[in-house]
Amino acid sequence: MERRARRKRGPASAGLALIATTLLAGLSTSAFAAEEVAKIDTGDTAWMLVSTALVLLMTAPGLALFYGGLVRSQNVLGVIMQSFTCMAVLTLQWILFGYSLAFGESHGGWIGGLDFLGLAGVGQDPNPAYAATIPHLVFMAYQGMFAIITPALITGAFAERMTFKAFLVFTLLWSTFIYDPMAHWVWGVGGWMRELGALDFAGGTVVHISSGISALAAAMLIGKRLGHGHEQMPPHNLPFTVVGAALLWFGWFGFNAGSALAANGLAANAFVTTHVAAAAATCGWMAIEWLQRGKPTVLGAASGAVAGLVAITPGAGFVTPLAAVAIGVLGGIICYYGIRLKESFGVDDALDVVGVHCVGGIWGAIATGIFASKAVNSAGADGLLHGGPGLLLTQVAAVLATLVYCFAGAWLLLKVTDALVGLRAEEEEEYAGLDLSQHSERAYVLGSVAD
Amino acid sequence: MERRARRKRGPASAGLALIATTLLAGLSTSAFAAEEVAKIDTGDTAWMLVSTALVLLMTAPGLALFYGGLVRSQNVLGVIMQSFTCMAVLTLQWILFGYSLAFGESHGGWIGGLDFLGLAGVGQDPNPAYAATIPHLVFMAYQGMFAIITPALITGAFAERMTFKAFLVFTLLWSTFIYDPMAHWVWGVGGWMRELGALDFAGGTVVHISSGISALAAAMLIGKRLGHGHEQMPPHNLPFTVVGAALLWFGWFGFNAGSALAANGLAANAFVTTHVAAAAATCGWMAIEWLQRGKPTVLGAASGAVAGLVAITPGAGFVTPLAAVAIGVLGGIICYYGIRLKESFGVDDALDVVGVHCVGGIWGAIATGIFASKAVNSAGADGLLHGGPGLLLTQVAAVLATLVYCFAGAWLLLKVTDALVGLRAEEEEEYAGLDLSQHSERAYVLGSVAD
Amino acid sequence: MERRARRKRGPASAGLALIATTLLAGLSTSAFAAEEVAKIDTGDTAWMLVSTALVLLMTAPGLALFYGGLVRSQNVLGVIMQSFTCMAVLTLQWILFGYSLAFGESHGGWIGGLDFLGLAGVGQDPNPAYAATIPHLVFMAYQGMFAIITPALITGAFAERMTFKAFLVFTLLWSTFIYDPMAHWVWGVGGWMRELGALDFAGGTVVHISSGISALAAAMLIGKRLGHGHEQMPPHNLPFTVVGAALLWFGWFGFNAGSALAANGLAANAFVTTHVAAAAATCGWMAIEWLQRGKPTVLGAASGAVAGLVAITPGAGFVTPLAAVAIGVLGGIICYYGIRLKESFGVDDALDVVGVHCVGGIWGAIATGIFASKAVNSAGADGLLHGGPGLLLTQVAAVLATLVYCFAGAWLLLKVTDALVGLRAEEEEEYAGLDLSQHSERAYVLGSVAD
Amino acid sequence: MKKVEAIIKPFKLDEVKESLSSIGAQGLTVTEVKGFGRQKGHTELYRGAEYVVDFLPKVKLEIIVSDESVAKVVETIEKAARTGRIGDGKIFVLPVEEVVRIRTGERGSEAL
Amino acid sequence: MKKVEAIIKPFKLDEVKESLSSIGAQGLTVTEVKGFGRQKGHTELYRGAEYVVDFLPKVKLEIIVSDESVAKVVETIEKAARTGRIGDGKIFVLPVEEVVRIRTGERGSEAL
Amino acid sequence: MKKVEAIIKPFKLDEVKESLSSIGAQGLTVTEVKGFGRQKGHTELYRGAEYVVDFLPKVKLEIIVSDESVAKVVETIEKAARTGRIGDGKIFVLPVEEVVRIRTGERGSEAL
Ligand SMILES: Nc1ncnc2c1ncn2[C@@H]1O[C@H](COP(=O)(O)OP(=O)(O)O)[C@@H](O)[C@H]1O
Ligand SMILES: Nc1ncnc2c1ncn2[C@@H]1O[C@H](COP(=O)(O)OP(=O)(O)O)[C@@H](O)[C@H]1O
Ligand SMILES: Nc1ncnc2c1ncn2[C@@H]1O[C@H](COP(=O)(O)OP(=O)(O)O)[C@@H](O)[C@H]1O
C-alpha cells in the first residue's frame, strides 16, 4: 500500500528524501522532471539496505530459534532446517521468476508479467514505480526477504512430522502459486486489491493471513503428531524461543518501518507503532494469562510480542502510536484466545501459526480499518474512528478474499505434494525425530557418552 | 550532554547534516531561519532508526542472554523474563508519561512537564530543541530504549530470588521516580545537571551509576540467596553469556555512537572510542586475571568488555581513541577489583551489577573529567589533561548527587514494594527455581524423560 | 579494489553520494575542487557505521557460535574465547600500528608507513584517498573489523588442542606479518597487487585465502587431535552452528556491500550478489549431499551458505546477480569436495577452514576473473566471459602469490610460536578439554549435580 | 525385598508408570541410560563423515518391592512396555537386604 | 560387601558427601535420576496447556562398603539427607559379591 | 546370573564396548555418572571465585551375564578400561535372581 501511496503522491512529495531538490526549486526557474528526480538518496538507501538485512534476520536466526525452541529436542534441527532452506531455495525462485510474477507489469491485476525474469531490467538505478530514491535492486531484495519468511511461518503448523522432501515441494509450489500472486494483488502496480483501496502497509494479508490460513490447511491434512493428546510435548529450549522472539521484534523494525521505503517521518511512525504494539500485546497476553492461569509465563510474553507485531503490520504506517497501544493490547488478548481455537477444531497446529498469524493478521487488517488516519499518512485513508466506514468494509473484503484463496490454494497444493512425495514421515521416523530421520544429525551431544 | 551540545552550536552548526544548506549558503543571499533548517536528513534518520533498534537489542537478546547464562538453570527464564518485561511495560510507561517527565518543558530543572503526555506533539517532524534533523518520534523512541535497559540492568542484583510481582512493581516505581527525573536533570533542556556543565555523552550517570547504586540497595534489602556461601552457584550456560556480551558490544554502537543523534564525525568518534574501550578493557581484565589467578577466563573477558563499554559511555563523544585505550584498560582492571567489593560488604549482588555498572560508571564519569577535549567535540569541555580542572570537579559533583539520590530513592521504593507485595520468593519457590515457581515453566527439556 | 575504483573515478564520479553537488554544478559557474567535495555524506556514513558493526558481529557472536557449535562440549568456551580475544587484542594492534602498516603511505608497494601510528591524522574528516564521503575514523574502524575476523577464521583449524597462550602469540604475529602487509598489497594506495590490476572487492585473497592456507600450515604443524580417527567427534550443538551461519550471512552484507564504502548502486549490487551466492551455494551443497549421501544435512546447508559467501567475496561488486548464482552453486559443490581433501592429506583441519575458506576463496578469485563485467562496475574490468582473458591471469597470479606468502609465513610464525611457548596443550589438558584446562571454566551446568 | 530394574523404550515410560500406579506401586526411580543390544543404531552424517551410533536412548526404572509383589510388578512392566519389536528391553530382579525411609527412619517394607 | 544406594534431594548432595567423607568413605558414585513417589510434582503451563509433572529431580548415590561399615554409612546418609519433609528419599542395601579396582586389579575390600 | 557394574573413564567406553562385543556380549546398558574417589577434581574460576569440584565425569556400565561368564567379562573390562592412572574405576559383581526379555517374555539366561 505504501508503495502505491508513494507513487500517488508523485514527484513533488517524494521530496523529503531529496532536500536539495526542494531547496533548489525555490532558486531555479527550471522545473525538474520526474526522471531527473529519480536519483538515489544515500540515506534512504542506507536504511533500506539495513531493513533488507533485518528481514532476513527474522527468518534465521529469528524464526528458526523461535520455532526451534518450541519443538522437542529430537526435532529442533528439522525445524531450523526448514527456515534455513527457505532462505536458500526461495531466493533463487525469487530472482529467477518470483519477483517478476509479483512485481512485473500487471496482467489484469492478477499476476505480474515476465519482464523481470532473471532480474532483467532490475539494476542499480531506481524503479520510480515502486521506490524512486533507492536502487531497484534494493527494492527487489527487500521484497525477496518477505517472500522467504512467509512460507517459513507455515512450517510451524506441520512441525515434527512432515518429511523434508514434502516441505520442499510444497514450499516451492506455495510460493509460486500463492505468495507471488498475493503480493501482486496487494502491492503490484495495478494489483486488484491495491486498486480496491485496501490498506496493508507491511503485509498483514500477504504475509500473515496467507501463511496463517495455509497453516490451518496443512495441519488438517497432515494430521496430529503421534502421541498428541497423550504425551506431553513441552518446548525443549525456551531461552531459544525468547531469543527468537526478541530477534523477530528487532527485525520487524526493518519489516514495518522499512516498508516506508525511505528514512523519513513515515518510517519513524511505523517504527514507533511497531514497537508500541509489540510492547502492548506482551502486556495484554501476560495480563490475561495472569488473570486466567494465575501466572504470567515467559512463553506467553514471547507469544504476545509476536502477536502484537503481527497485528500492527498492516496498519503500522497508517495509525498513531496511541492507536497502536489499543491494537497491541487487544491483539495480545485476541491471540491468547486464538490459539485455543485449535482445541475445538481438533487440529494439531503444533506451534500455533493459525492462532497467532491468521487470527492476529485478521485483527490487524480490521484494526487498520478502524484506526487508520490520513493525519498519519496522507496517502492512506480514514478508518471508522475517523469517519470512514468504507475502509473497514474494504479491509473485510480483502481479508475474506485472502482467506478463501489461500486456504483453497494451500489445500490443493498439499494434495498435489502428498500425491507426489507423501506429506508425512514414517512412524519410526517420527519417533526417532526428524533430526535423525531426515538429516542424520543430532542437535546436542552434551554428555560424555558418544551416543 | 550531546543534546545540549547540539543546541548550543545552534542552527548554523547543525549543518554537517545538511550539506545542501551549507553549499547554498554561499550562493544565495537569503538567510535560512532555524525553522526552515529543521528538515529531516535521511542519513541521520537512517542511522538513528538503526541505533534505536540496536539499543533495544541490547536488552533482549543482549542482556537477557548475558544475565541468563550467569544464573543457575532453574532461574534462567525468570531472569530473561525480567528483561523482556522491561521491554513491554516500560515502553507503555514511556509513551504514556515517562517521556514527558524526562523531556517535557522543565519545571525548575527538576522534572519535565506533561506537555508530551501520550506523545502529544511528538510527531514526524523534528523537535529542534533535541535533534534538528530527525523526526521527533525517532528521538523519543531512541530515548525510550535507554529507559528500558536501565532498570533491566538492576535485575542482576536480585536475580534468583525476587518474585516477579515485586520486580514489576519496583521497576515501574523506579522508572518513574528515579530514571525519568535523572534523564531530565542530565539531558532535558534546562535540567540542572546539564546546566551545571557535567558531561555525560551517552548515559554514564543516568544509566550506569543510577542502576548500579540502586542494585546495591536492592541486594542489601533482599538479602542473600539461599545457600549463598555454602553451595556453589556456577553460571549454567557461559556460551549464552558470551553471546550476550558480544551483542551488548554490538548494540552499544547504537547506544554511544547513536548519542551523536546524527551520522557525522562525532558519531564516528564515539563509535571508535566505544570499540577501543571495550577491547582495551577486555585485555585489561584478562591480563590482571592471568597475573592474579594464573589463567584468563572467558567470563572475565566478557565482563571486561562490558566494563569497558560502561566506562566509555559518558566520554565516548568527548575523548580521543587513544584516551579510550587508557579508559578501557583501567576500566577493566578497576571493575575486576570492583566486583570484589561485595565480599567485604557481605552483599550478594548476584550478577555483579554494582561492581561493573556502578564502579565502571563512576570511573567513566571521572575519566571524562580527565580526558575530555574540545578538539574532539567543541561543544564539550577540556578535562584535567587538557588544562581544565573545573570539569573534573563538576563530574565528581554529578556522580555524588547521582549516588545519593538513586541509593536513597531505590531504598525507599524497595521498602514500598516490600510493603505492597513482598520482595522475596518463598523458600520452597527459591529452591525449585523462579522458572517453575514464578512462571510454571522449565527452560530446557533435553532428555527423553518427561520430567 | 573497490577502493582503487573510487580513487580512479576521481572527484566527479564520487558524485552519486553528493546529489546536491551535482545539481549545483549546473547552476553555479565556480568549479568545486576535490577538497571541497570531500564532505561527509550522512547516508554513506550511516551505512558504513552499520557495516562496521555488522562485520564485528560476524566474529562474535557469528563465528564464535558457528565454530563453538562444531566442537565437543568440553572445548566450546576455548573456541569462543579465541574469537572474542581477537576482538580485543587485534583492535589495539590495529589502532596502535596495524592500520598504519596496512593503509599508511606505501613503501614501494610492500608495506604502509608509520604515518597513522596511534591513529595520528585519522580523524573525523574524510580521507579522500580511500573514502571521500565518510569520516576517516569510520574507514579505519571498518577495515579494523576485517583485521579481527581474518585471524579468527584460522582458529578452526587448530581447535580443541592449541593452548591459549600459543594462540595469542601466533595471532599477534600473524596479524602483523601476514595480514597487515597483505591488506596493503591489495587495498593500500600503491600496493603491488592493486597496481597489478587484481580485483578483490571485499577480501577474497586478503581474508579467505590468506587465513585458509595459514590454517593448513597450522593443522599440519600442530598434529591431529587425540583420538582422531578412532573416536567420534560430532558437533556438540548444531543449533549454535546454524545460528552462527545465519549471523555470518547477515553480517556479510556489511562485509561485502559495505565494501562499496557508500550507500549507492554498487552497494546494492554487492548486497544482492552476496545474498544470491549464499542461497545458491546452500542449494548446491544440499543437492550434492542429497545425491551422494542420500540426505541433505543441516550442517551441510550451513556450510554451503558460508562457502557461497566466501566465493562471492572477491567478485561481489564486479559480477551480476545471475553470475552470482553460478558462482554460488559451483562454490557449494567445490567446497563440498574441498573438505574431503584433508582425508587425502591426512591433516586434521578440525573445522574445515582449508576446505571452505582456502578452496572457496580460490574459486571466488578465479570466478571473478571469469564473470567480472564493466557493466556492473566501470571501475572494475571485464572477465573471461566478457572478452577479457587478461584479468583471469592476473587473478591466478594474485592467488598464487597469496598462497605462497601466507603458507610460508604462517609456517615460520608457527615455528616461532612453538619455540617461544609451545603450540599444543598437554595430553591431560586435551582430554579434560580446553575449557577446563585453559580457562578453568565449564560451559554448561545443566544438571543438579554440582559436578 | 527385591529390586526390579527394567530397561525400556523412552516413549513407553508414561504407560509403564500408569500401569504400576494402578497396581498400587507408590514409588519408583527413573534414569536416562543408553542401551546397546540387538536393536541396531543409526548412522549420522557430519560434513560427509559417517558416524555409526550403536547406543540407543533407553530409560531405566528401579523399583523396590516386597517379595510377594515381585511377580505382579514384573508382569505389569512386561505388559505395558512391550511393543513386540526388537529393543523393547529387559527386566532384572535383584535381592535387597534393607530399605530405609530417610524422612522417618522406618525400615523394611514399611519404608517402601 | 554391600552396595548402599540412596535416593536423596539434590541440594543435600554436598552435605551427604561431606558427612560420608568425614566417616572415612573414600569413594562413591552419583547419578541424576527422576523420582516418583509420595511427594507431589508440579504443573507446567505452555500456551495455556497444563502439564502435570510427577517426576522430581533426585540424586542417586551408590557406595560400596564392607559389611561392617554398612550400618554406619546408612546412618550417616540418613542423618545428613533428612529434612523431615516428604520426598527425602530412600536408602537400599544390596549384596555385592566381588569388587575389582581396575587400575591395580585388587579384589575384595582392598579394592574399595 | 550376575550383574557386573563397572565405573570407567568416559573416553574408554568405546574400547570397553568393542572388547565386550568381541567376547560375545550382546547387550549392555550405559549411564553417565559422576564419581568421587581418590582421583582429585579440579578448580573452576568464575569472576575470581574459586570452586573446587570433586566430582568427575565417569561412565557406568551394567551388564547382566550368566554365572559362568562373569570372570571373563570382568577380566575383559579390567583390561580394556585400564590406563594405570588413578581414577580408572571399579567393577562390582551383584547377584541377579531373574531376567526377563520384555519383547518375548523369555526368562533366565535365554533372556540375555
Ligand atoms: N545383558 C545385558 N545387560 C544389561 N543390559 C542389557 C543386556 N542386554 C540388553 N540390555 C539392555 O536392553 C536393551 C534392549 O536389548 P536388545 O537386545 O536391543 O533388544 P531385546 O531386549 O528386544 O532383545 C539394550 O539396549 C540394553 O540397554
Ligand atoms: N519403591 C521404590 N522404589 C524405588 N524408588 C523409590 C521407591 N519409593 C520411593 N522411591 C524414590 O524415593 C523418592 C522419595 O520418595 P517419596 O515417596 O516421594 O518420599 P518419602 O521417601 O519421603 O516417603 C522418590 O522420588 C523415588 O525416587
Ligand atoms: N566405594 C565406592 N563405591 C562406589 N563407587 C566408587 C567407590 N570407590 C570408587 N568409586 C568410583 O570409582 C571411581 C574411581 O575411583 P578412584 O578412587 O578415583 O580411583 P581408583 O579406582 O583408580 O582408585 C570414582 O570416581 C567413583 O565413581
Side-chain angles (χ1 to χ4, degrees), chain A residues 18-21 24 27-28 39-47 49-50 52-53 56-57 60-61 64-65 68 76-77 80-81 84-85 87-92 95 118-119 122-125 134-138 140-141 144 164 237 240 263 435 438-447 450, chain C residues 16-17 19-20 23-24 27 41-44 46-47 50 54 72-73 133 231-232 234-239 242-243 245-247 249-250 253-254 257 262-269 271-272 275-276 278-280 282-283 286 293 295-299 301-302 304-305 320-322 325 444 446:
Chain A
L18 280 174
I19 295 157
T21 314
L24 283 166
L27 293 172
S28 138
K39 286 269 162 56
I40 289 174
D41 177 280
T42 57
D44 290 346
T45 302
W47 172 237
L49 288 172
V50 173
T52 305
L56 182 70
L57 189 80
L65 283 174
V76 54
L77 293 178
I80 289 177
M81 182 68 163
F84 203 82
T85 302
M87 287 166 50
V89 171
L90 297 180
T91 296
L92 298 190
I95 66 157
L119 299 189
V122 181
Q124 300 186 18
D125 290 328
I134 60 172
H136 192 178
L137 277 170
V138 174
M140 182 283 301
F164 182 71
N237 197 327
F240 275 7
D435 297 3
Q438 305 300 302
H439 309 294
S440 287
E441 288 165 300
R442 258 170 324 134
Y444 310 105
V445 183
L446 295 174
Chain C
L16 249 199
I19 297 157
L23 295 173
L24 283 167
L27 292 173
D41 178 281
T42 59
D44 290 346
W47 172 237
V50 173
L54 284 176
R72 290 167 293 171
S73 60
T133 61
E231 286 171 42
Q232 301 188 341
H236 92 283
N237 198 326
L238 280 180
V242 185
V243 169
L247 289 175
W249 189 329
F250 175 69
F253 291 130
N264 56 15
L266 186 58
N269 191 82
F271 193 104
V272 170
H275 182 57
V276 165
T282 307
C283 293
M286 275 169 57
R293 295 287 171 161
K295 283 179 191 172
T297 65
V298 177
L299 178 54
T320 64
L322 279 191
V325 174
Y444 309 105
L446 296 173

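Each chain gets a letter, A, B and so on, in the order the sequences are listed, and its residues count up from 1.
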Chain C contact via A53(A) - which portion, at a heavy-atom distance below 4.5 Å: both

Using modelled atom types only, decide if a donor and an acceptor are shared between the side chain of S73(C) and the backbone of L446(A) within a distance under 3.5 Å. yes

Measuring from atom CG of L77(A) to atom CG of D435(A), what distance do you get when rounded to the nearest 0.5 angstrom? 4.0 Å

Relative to chain C, which segment of V89(A) carries a heavy atom at a distance below 4.5 Å: side chain, backbone, both, or neither? both

Heavy-atom cut-off 4.5 Å, strictly under: side chain, backbone, both or neither for L137(A) against chain C? both

Once you measure the plane-to-plane angle for F84(A) and W249(C), does it fall in the parallel (<30°), tilted (30-60°) or perpendicular (>60°) bin? perpendicular

Where on L56(A) is there a heavy atom nearer than 4.5 Å to chain C: the side chain, the backbone, both, or neither? side chain

Contact winner vs chain A - L54(C), V50(C), N237(C), heavy-atom pairs under 4.5 Å: N237(C)

Between D44(A) and I134(A) (side chain of the first, backbone of the second, donor and acceptor by atom type, cut-off under 3.5 Å), is there such a pair? no

With a 4.5 Å heavy-atom cut-off, do T45(A) and N264(C) have their side chains touching? no

Please state whether the side chain, the backbone, both or neither of P61(A) comes within less than 4.5 Å of a heavy atom of chain C. both

Tell me, side chain or backbone of I80(A) under 4.5 Å from chain C's heavy atoms, or both, or neither? side chain

